[in-house]
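The next block holds one structure in the form of structure tokens; read it before the comments.
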There are 2 protein chains.
Amino acid sequence: MKTRSFVSARMVAERAGVSRSAVSRTFTDGASVSEETRRKVLDAAGALGYHVNHLARGLRERSNIVCLVVSNMTTPIRARMVDIMTRQLQASGWITMVINTETDTESVSKALRQTLNYRADATVVLSGTPSASLIEACLANGQQVVLINRDDRLKGSSTLAVDNSLAGREALFLLQRAGCKRLGLVTSNAQTASLVERERVFVDIARAQGLNVTVTMAGPTTYESGADAARRLFGRSNGPDGVFCVTDLLALGFMDVARDEFGLRIPEDLCVVGFDDIEQADWRAYQLTTFAQPLEAMATHVVDLLNDSEGASSDRKLFEPIPIWRRSVRPGVKTD
Amino acid sequence: MKTRSFVSARMVAERAGVSRSAVSRTFTDGASVSEETRRKVLDAAGALGYHVNHLARGLRERSNIVCLVVSNMTTPIRARMVDIMTRQLQASGWITMVINTETDTESVSKALRQTLNYRADATVVLSGTPSASLIEACLANGQQVVLINRDDRLKGSSTLAVDNSLAGREALFLLQRAGCKRLGLVTSNAQTASLVERERVFVDIARAQGLNVTVTMAGPTTYESGADAARRLFGRSNGPDGVFCVTDLLALGFMDVARDEFGLRIPEDLCVVGFDDIEQADWRAYQLTTFAQPLEAMATHVVDLLNDSEGASSDRKLFEPIPIWRRSVRPGVKTD
DNA sequence: TTGGCGAATGCACTTGTGTGCAAGCGTCAA
DNA sequence: TTGACGCTTGCACACAAGTGCATTCGCCAA
């Protein structure tokens with residue numbers, strides 16, 4: 001049986017003719033080693049292809065491992081979140097284990113247990129719905145827990161979120177300024193805290209102003225769901241002329257069907273606002289007005305939290321979404 | 001200083017009133033433990049919140065860690081590859097460390113060294129160009145190395161690839177059957193082995209048949225590059241009426257500009273073929289004819305390779321791309 | 001020559017696990 | 001009653017690192 005044969009510090013020590021401690025010290029900053037032995041050790045290490053075993057190091061101190069829990073990775077917005085998070089964590093010396101979870105609680109539980117098995121220093125939840133008890137297990141084991149865009153407010157965990165109510169309010173304002181009279185809202189049946197919040201604020205403020213809003217709940221948060229929603233909304237008479245889709249993907253599907261199957265011109269006959277600012281929103285076929293999440297800043301904040309480690313552990317930070325004006329909404333008209 | 005206080009097997013043993021070995025055996029399949037002690041151990045473990053430390057376990061045997069090296073994660077095709085790979089690896093009991101690399105060799109080297117530091121059992125390279133010497137270091141340390149869609153054929157590493165020449169040939173055939181006379185090819189300056197192969201075969205066969213092909217090399221493999229290519233190709237007189245873009249993203253940008261800025265109808269005036277079958281290719285605005293990579297099958301094969309471990313370690317497996325017919329190419333016409 | 005001092009080095013212990021080996025214990029048959 | 005046998009269980013070691021403590025070595029000054 002092949003036994004994995006990694007080269008260990010002992011082998012290096014033997015080859016260099018020094019003690020194993022000397023090898024260890026050579027690779028430890030600030031330890032006391034003479035220049036001569038240091039060189040001998042480095043030579044031997046190079047010849048054998050030695051690499052410090054971080055697993056063994058992690059036995060005593062921190063493992064430098066961060067678990068990234070994420071679902072629906074193929075979604076453009078998620079892909080970007082994962083990309084930015086892993087990049088920044090890596091740059092800061094962390095190594096990230098990705099746990100890809102379906103949305104069902106079962107697989108998330110299994111995955112989070114892995115987190116504990118590998119003694120991750122921290123767990124960052126991008127999506128998925130981990131059971132509160134498991135999160136508590138992570139906390140009990142001394143892990144730092146960071147939740148992004150979720151409302152579960154658990155003692156001891158940090159939370160980052162985008163200010164969804166601000167987005168809902170601003171979306172309404174944009175459509176009103178464009179002169180839209182019949183408002184519509186397209187949301188998904190996912191009913192995440194973020195989605196619900198955007199939806200709620202948009203509808204509440206509109207109704208408070210005496211405006212009617214047609215709410216359509218589509219399927220999952222996909223292009224196809226957006227397309228279906230458009231068919232339902234415009235299938236009956238008197239469809240809306242201004243729509244807030246709580247997600248860019250929904251918006252893009254919605255736009256395609258509104259144009260192709262109902263001959264509506266955007267933004268002349270119909271204004272659309274999305275949320276996320278995925279790459280495709282900027283494509284010529286869409287030019288969707290939307291809101292960007294400040295992902296880089298959020299990732300930076302996460303990394304800061306992990307590096308501080310002792311910092312106020314239980315807090316909640318809100319980030320402002322950035323409005324991105326494109327052509328799917330008419331520019332402001334004179335209010336009469 | 002907070003000392004991370006993880007629960008160890010010794011603590012469980014003390015609480016349960018048994019030896020530490022008993023705890024170890026309780027969590028090892030097939031080990032000899034009486035039903036009574038087993039129950040005592042499980043009770044104590046539950047009460048304390050104990051989880052086996054896989055890092056320590058990895059000291060002696062395999063770590064069950066797989067390193068996934070990937071660049072350009074936000075690209076739809078890459079996001080799907082990462083999604084499918086992590087999902088399948090996870091289902092098979094592996095844990096994946098994602099190494100997000102810029103394309104420059106430096107960062108890939110640094111990342112791969114991490115791979116060695118954490119004693120990953122295997123390294124799977126989805127993209128990026130690791131230096132041959134580092135791959136050899138991985139192999140020397142007993143790691144399994146799997147390269148996907150790259151041509152570096154290193155002794156001891158396994159390679160999976162899509163049959164790019166088949167795609168190039170088939171793309172040409174589709175355009176010819178649609179009656180296209182003036183052929184074009186859009187590629188990127190990335191010049192990956194895969195891209196070069198698709199390009200080469202398309203051009204070679206076409207020229208062998210006496211057909212002229214206008215080759216345009218755009219920037220990186222993005223939507224914007226495709227858009228630029230279209231402007232260059234149609235800016236001069238006598239633009240092509242049948243184009244193979246070596247990537248879907250290029251194709252989508254190409255289509256948008258061809259339609260919006262040059263008023264060309266697709267597929268009446270212009271036929272377009274892509275490659276990858278990203279989700280957006282199926283959107284109503286595009287309906288791009290393209291080739292799908294059998295990603296699930298490829299991931300399954302990777303997992304099989306890792307699980308076999310002793311299997312013929314150095315081999316190369318080719319997968320057939322699957323043609324996806326949509327509306328960006330005219331259906332076959334009678335050949336006169 | 002000797003005492004003193006600082007730098008370098010090695011010993012031994014720590015971390016959390018799995019496991020070979022031998023001892024212990026209980027049961028059953030002769 | 002005793003020997004044999006099998007299931008449990010604990011001891012001790014291995015794994016690969018970091019580090020406190022004591023020891024050694026070299027150098028310098030008195």
Side-chain angles (χ1 to χ4, degrees), chain A residues 1 3-42 44-45 48-65 114 116-121 141-142, chain B residues 1-41 44-45 48-65 114 116-121 141-142:
Chain A
M1 188 180 100
T3 99
R4 295 293 337 280
S5 76
F6 267 104
V7 12
S8 72
R10 186 162 46 83
M11 303 184 205
V12 177
E14 277 169 15
R15 174 163 182 137
V18 299
S19 82
R20 201 191 57 70
S21 309
V23 178
S24 195
R25 278 188 249 267
T26 301
F27 292 101
T28 308
D29 279 352
S32 165
V33 209
S34 76
E35 201 47 49
E36 191 195 343
T37 44
R38 167 184 217 82
R39 206 186 37 68
K40 280 197 288 186
V41 167
L42 288 181
L48 294 174
Y50 170 71
H51 294 266
V52 176
N53 186 338
H54 282 194
L55 264 47
R57 171 189 285 171
L59 276 187
R60 321 191 82 251
E61 344 176 348
R62 338 186 65 227
S63 62
N64 273 330
I65 294 176
Q114 289 273 20
L116 292 170
N117 286 339
Y118 281 93
R119 293 298 188 267
D121 291 330
N141 275 290
Chain B
M1 187 181 97
K2 201 172 74 182
T3 101
R4 295 293 335 278
S5 77
F6 268 105
V7 179
S8 74
R10 187 162 46 82
M11 302 185 207
V12 177
E14 278 169 14
R15 176 164 181 136
V18 298
S19 83
R20 200 190 56 72
S21 310
V23 177
S24 194
R25 277 187 251 267
T26 301
F27 292 101
T28 308
D29 279 351
S32 165
V33 207
S34 75
E35 201 47 50
E36 192 194 341
T37 46
R38 168 185 215 81
R39 206 185 36 69
K40 281 196 287 186
V41 168
L48 294 173
Y50 170 72
H51 295 267
V52 176
N53 187 337
H54 282 195
L55 264 48
R57 171 189 284 171
L59 278 186
R60 319 191 81 251
E61 348 177 342
R62 338 187 65 226
S63 62
N64 274 329
I65 294 175
Q114 287 273 19
L116 292 169
N117 285 337
Y118 281 92
R119 294 298 188 264
D121 291 330
N141 274 291

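Letters go in sequence order (proteins before strands), and every chain restarts at 1. Only this structure's heavy atoms are used, side chains among them; waters, hydrogens and symmetry mates stay out.
- Residues A:Arg57 and A:Val52 meet the side-chain proximity criterion, which asks for heavy atoms closer than 4.5 Å.
- Between the CD atom of A:Glu14 and the C1' atom of D:dA16 there is a distance of 14 Å, rounded to whole Å.
- Candidate nucleotides D:dA17, C:dT19, C:dT9 were compared by shortest atom distance to the side chain of A:Arg20, and D:dA17 ranks first.
- The side chain of A:Tyr118 places no N or O atom within less than 4.0 Å of a non-bridging phosphate oxygen (OP1 or OP2) of C:dT17.
- Among C:dG18, C:dG16, D:dC11, the nucleotide with an atom closest to any side-chain atom of B:Ala56 is C:dG16.
- Between C:dA7 and A:Ser32, no contact under 4.0 Å exists linking OP1 or OP2 to a side-chain N or O.
- At the heavy-atom level, B:Ser24 lies under 4.0 Å from base atoms of the strands shown.
- Nucleic acid contact for B:Val52: sugar-phosphate only, since backbone atoms but no base atoms lie under 4.0 Å from a heavy atom of the residue.
- Ring pair B:Tyr50/B:Phe27 is tilted by interplanar angle, where 30° to 60° counts as tilted.
- The nearest whole Å value for the distance from the CG atom in B:Asn64 to the P atom in C:dT17 is 16 Å.
- Under 4.0 angstrom from either OP1 or OP2 of D:dT9 there lies at least one side-chain N or O belonging to B:Ser34.
- Straight-line distance from the CG atom of B:Leu116 to the P atom of D:dA16: 15 Å, rounded to whole Å.
- Between A:Arg15 and A:Leu48 there is a side-chain heavy-atom pair separated by less than 4.5 Å.
- For C:dG16, the base has no donor-acceptor partner in the side chain of A:Arg119 [N/O atoms by modelled type, under 3.5 angstrom].
- Between B:Leu55 atom CG and C:dT15 atom C1' there is a gap of 11 Å when expressed in whole angstrom units.
- Here A:Val33 lies in heavy-atom contact (under 4.0 Å) with sugar-phosphate atoms only.
- As a whole-Å value, the separation of A:Arg57 CZ from C:dT15 C1' is 14 Å.
- In this structure a side-chain-to-backbone donor-acceptor pair under 3.5 Å is present from B:Ser63 to B:Arg119.
- Among the nucleotides D:dA16, C:dT15, C:dT17, the one closest to any side-chain atom of B:Asn53 is C:dT17.
- Rounded to whole angstrom, the span from the CD atom of A:Glu36 across to the C1' atom of D:dC25 amounts to 13 Å.
- At least one side-chain heavy atom of A:Lys40 sits less than 4.5 Å from a side-chain heavy atom of A:Thr37.
- With respect to the salt-bridge test (charged N to carboxylate O, under 4.0 angstrom), the residues A:Arg10 and A:Glu14 qualify.
- Nucleotide C:dG16 holds its C1' atom 13 Å from the CZ atom of B:Phe27, rounded to whole Å.
- Considering only side-chain N and O atoms, A:Ser19 lies nowhere under 4.0 angstrom from the phosphate OP1 or OP2 of C:dC11.
- Relative to the side chain of A:Ala22, the nucleotides C:dT17, C:dG10, D:dG18 differ in distance, and C:dG10 lies closest.
- Distance CZ (B:Arg10) to P (D:dC11): 14 Å, rounded to an integer number of Å.
- Remark: the B:Ser21 side chain and the D:dC11 base include a donor-acceptor N/O pair separated by less than 3.5 Å.
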